There are 2 protein chains.
Amino acid sequence: MPHDHNDPAAAHETVPHGALPPVVAQFKSQCSRCSMRELCLPVGLDPEALAALDQVVTSRLRLHKGDALYRDGDPFAALYAIRYGSAKTVVLMPDGREQVAGYHLLGDIVGLDGVAHERHGSTAVALEDTEVCVIPFAAVAGLAREHPLLQKNLFSFLSKEVGEGLHAMLLLGSLRAEERIAVFLLNLGERYRRHGYSATEFVLRMTREEIGSYLGLKLETVSRLLSRFQAEGLVKVAGRSIKLIDIPALRLLAGQRC
Amino acid sequence: MPHDHNDPAAAHETVPHGALPPVVAQFKSQCSRCSMRELCLPVGLDPEALAALDQVVTSRLRLHKGDALYRDGDPFAALYAIRYGSAKTVVLMPDGREQVAGYHLLGDIVGLDGVAHERHGSTAVALEDTEVCVIPFAAVAGLAREHPLLQKNLFSFLSKEVGEGLHAMLLLGSLRAEERIAVFLLNLGERYRRHGYSATEFVLRMTREEIGSYLGLKLETVSRLLSRFQAEGLVKVAGRSIKLIDIPALRLLAGQRC
DNA sequence: CGGATGTTTGAGTAATATCAACTGTGGTGG
DNA sequence: CCACCACAGTTGATATTACTCAAACATCCG
């Protein structure tokens with residue numbers, strides 16, 4: 001099989017959109033009953049709009065760690081809402097270098113960059129076993145014409161992503177390595193908190209290399225700084241388990257962001 | 001007058017949305033007759049949708065060099081399409097550092113990051129005397145429900161901005177200083193080309209410091225690299241006038257992007 | 001249990017920032 | 001219209017940050 005996800009050369013498997021294996025197709029989505037509905041596309045929708053969404057968001061995909069949800073260059077057809085698990089989005093260079101551009105947790109919607117050119121401009125890869133809802137874009141955009149709030153949500157998610165891009169530029173363009181790490185940790189904690197998890201104690205789903213790529217640093221730099229933060233009593237690190245100890249000090253480093 | 005644009009402390013004037021000075025309010029927009037219509041929000045619209053847009057995009061603003069179109073924290077009400085001139089968008093840190101996040105030429109639409117939170121998350125400043133069309137967002141979003149193509153264009157502009165954010169992350173996170181400069185120059189040339197200007201000979205509207213901020217470099221580094229590129233015969237630099245000489249070599253540096 | 005993958009830490013290096021001096025250049029008022 | 005001033009840009013010497021290369025150690029998975 002080409003693109004087997006255990007094959008280190010092929011690296012990741014793209015889930016085909018047309019013929020889904022039965023084991024995947026059987027999962028039926030229902031936004032109206034989804035536990036994520038207050039953090040995802042359905043936020044604030046009236047029952048009628050929700051019912052309409054249910055008609056259109058009908059399938060889910062299950063991904064294994066390392067599977068690609070879509071790849072750079074794939075035709076764009078749908079957005080994907082993460083029901084559980086997590087994913088990274090990666091931008092590739094012709095020479096093979098790559099930049100992790102985003103780190104997405106449950107409730108997040110990925111694939112938004114594909115709308116403009118009807119083709120994805122990045123690759124999304126599951127960081128652990130992950131389930132996503134498939135949101136066929138054309139259908140939902142059609143629905144949005146009848147349901148202003150749904151349209152508003154779509155605009156809103158797109159715009160939020162724009163804003164995140166701006167802050168990523170600030171992070172990568174203006175902050176020192178230690179500041180980037182502090183922002184990263186606080187931001188991640190904040191996102192977990194919003195989902196009802198601890199903001200101060202969590203498990204990273206990325207390798208040091210992926211964190212480094214996201215922050216524009218090398219893996220050794222990430223490792224060293226985490227060690228230093230630990231020595232200074234800012235955090236407690238045990239492999240991928242992180243505990244934030246001195247939040248005010250981290251905030252200071254991060255310059256009050258987050 | 002507070003915020004006079006000649007006052008170095010106030011730095012830039014925010015144009016108030018409510019009471020526009022008469023000299024500004026007198027300019028009537030007409031998308032249907034605008035020379036930018038094929039590069040801006042109206043692209044591809046049918047005559048009916050265009051006429052509807054004309055009803056809603058009714059005013060223009062004139063800005064002097066250094067005037068702010070909106071500022072970080074301002075309530076969001078409208079998008080702005082650049083009719084002529086250019087602008088930078090800037091993201092600010094609490095400690096005063098700032099990062100130039102975008103460089104916008106005619107036809108570009110700025111303000112897209114404000115949709116989500118109904119508040120702008122960045123500041124847009126004119127780099128020269130500039131005129132923009134005011135696109136009241138709520139009204140246009142309403143129209144978009146009746147005109148699928150207009151909706152599509154709105155989604156498309158938002159999504160394009162997301163994609164640009166991804167590429168900015170690649171630029172800032174993975175490229176060396178010389179590669180960033182090469183990408184910057186080629187990208188700028190490409191954008192001028194699209195507007196019918198020369199792709200190889202143009203005038204920068206930014207200072208070295210602004211370019212540096214955009215690229216995550218210091219002004220001295222930008223200056224040095226431009227000098228080096230000139231010494232190597234890649235470009236001809238005379239202050240802000242740039243001529244790209246050896247495009248293939250620049251492309252090679254840029255890694256085929258652009 | 002063993003290999004592969006990921007992490008830590010050290011020593012030396014390269015890239016870019018910083019500090020500083022000097023040189024254009026464009027706009028303004030005399 | 002010219003002289004001047006503030007601002008923008010260049011260039012050099014030095015400092016610093018983060019990278020590279022390398023080796024040892026840990027952890028996960030089959």
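As the structure is a prediction and not an experimental result, all values here were calculated from the model. Here is how names work: the chains are called A, B, and so on, in the same order as the sequence lines, proteins then strands, and each is numbered from 1.
Separating the CG atom of Leu127(B) from the P atom of dC7(D) is a distance of 18 Å, rounded to the nearest angstrom. Atom C1' of nucleotide dT16(D) and atom CZ of Arg176(A) are separated by 9 Å, given to the nearest angstrom. Rounded to whole Å, the distance from NE2 on His64(B) to C1' on dG27(C) is 16 Å. One can place CD1 of Ile181(A) at 12 Å from C1' of dA18(D), the figure rounded to the nearest angstrom. Separating the CD atom of Glu178(B) from the P atom of dA14(C) is a distance of 15 Å, rounded to the nearest angstrom. Computed from coordinates, the Arg240(B) CZ to dT25(C) P distance equals 12 Å when rounded to whole Å.
The shortest distance between side-chain heavy atoms of Met169(A) and Leu172(B) falls below 4.5 Å. Side chains of Val134(B) and Leu79(B) form no contact here, defined as non-hydrogen atoms less than 4.5 Å apart.
By the neighbour-count criterion of 12 heavy atoms within 6.0 Å, atom CD of Gln230(A) is densely surrounded, having more than that number from other residues, nucleotides or ligands.
By the 4.0 Å N-to-carboxylate-O rule, Glu128(B) lies too far from Lys65(B) to be salt-bridged with it. Between Glu178(B) and Arg228(B), at least one side-chain nitrogen of the basic residue sits less than 4.0 Å from a carboxylate oxygen of the acidic one, meeting the salt-bridge criterion.
Aromatic ring orientation, Tyr70(A) versus Tyr80(A): parallel (interplanar angle below 30°, classes split at 30° and 60°).
Remark: Gly216(A), Leu217(A), Lys218(A), Glu220(A), Thr221(A), Arg224(A) in residues 214-232 of chain A come within less than 4.0 Å of DNA chain D through at least one heavy atom. Residues from residues 201-208 of chain A lying near DNA chain D, meaning a heavy-atom separation below 4.0 Å, are absent.
Between the side chains of Asp72(A) and Thr123(A), no donor-acceptor pair of N or O atoms lies under 3.5 Å.
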For residues 98-108 of chain B, which side-chain N or O atoms pair as donor and acceptor with protein atoms under 3.5 Å away, sequence neighbours left out?
from      : atom 1 : to        : atom 2 : distance (Å)
Gln99(B)  : OE1    : Ser174(A) : OG     : 2.7
Gln99(B)  : NE2    : Ser213(B) : O      : 2.8
Tyr103(B) : OH     : Arg205(B) : N      : 3.1
His104(B) : NE2    : Thr89(B)  : OG1    : 3.0
Asp108(B) : OD2    : Leu105(B) : N      : 2.8
Asp108(B) : OD2    : Arg191(B) : NH2    : 2.8

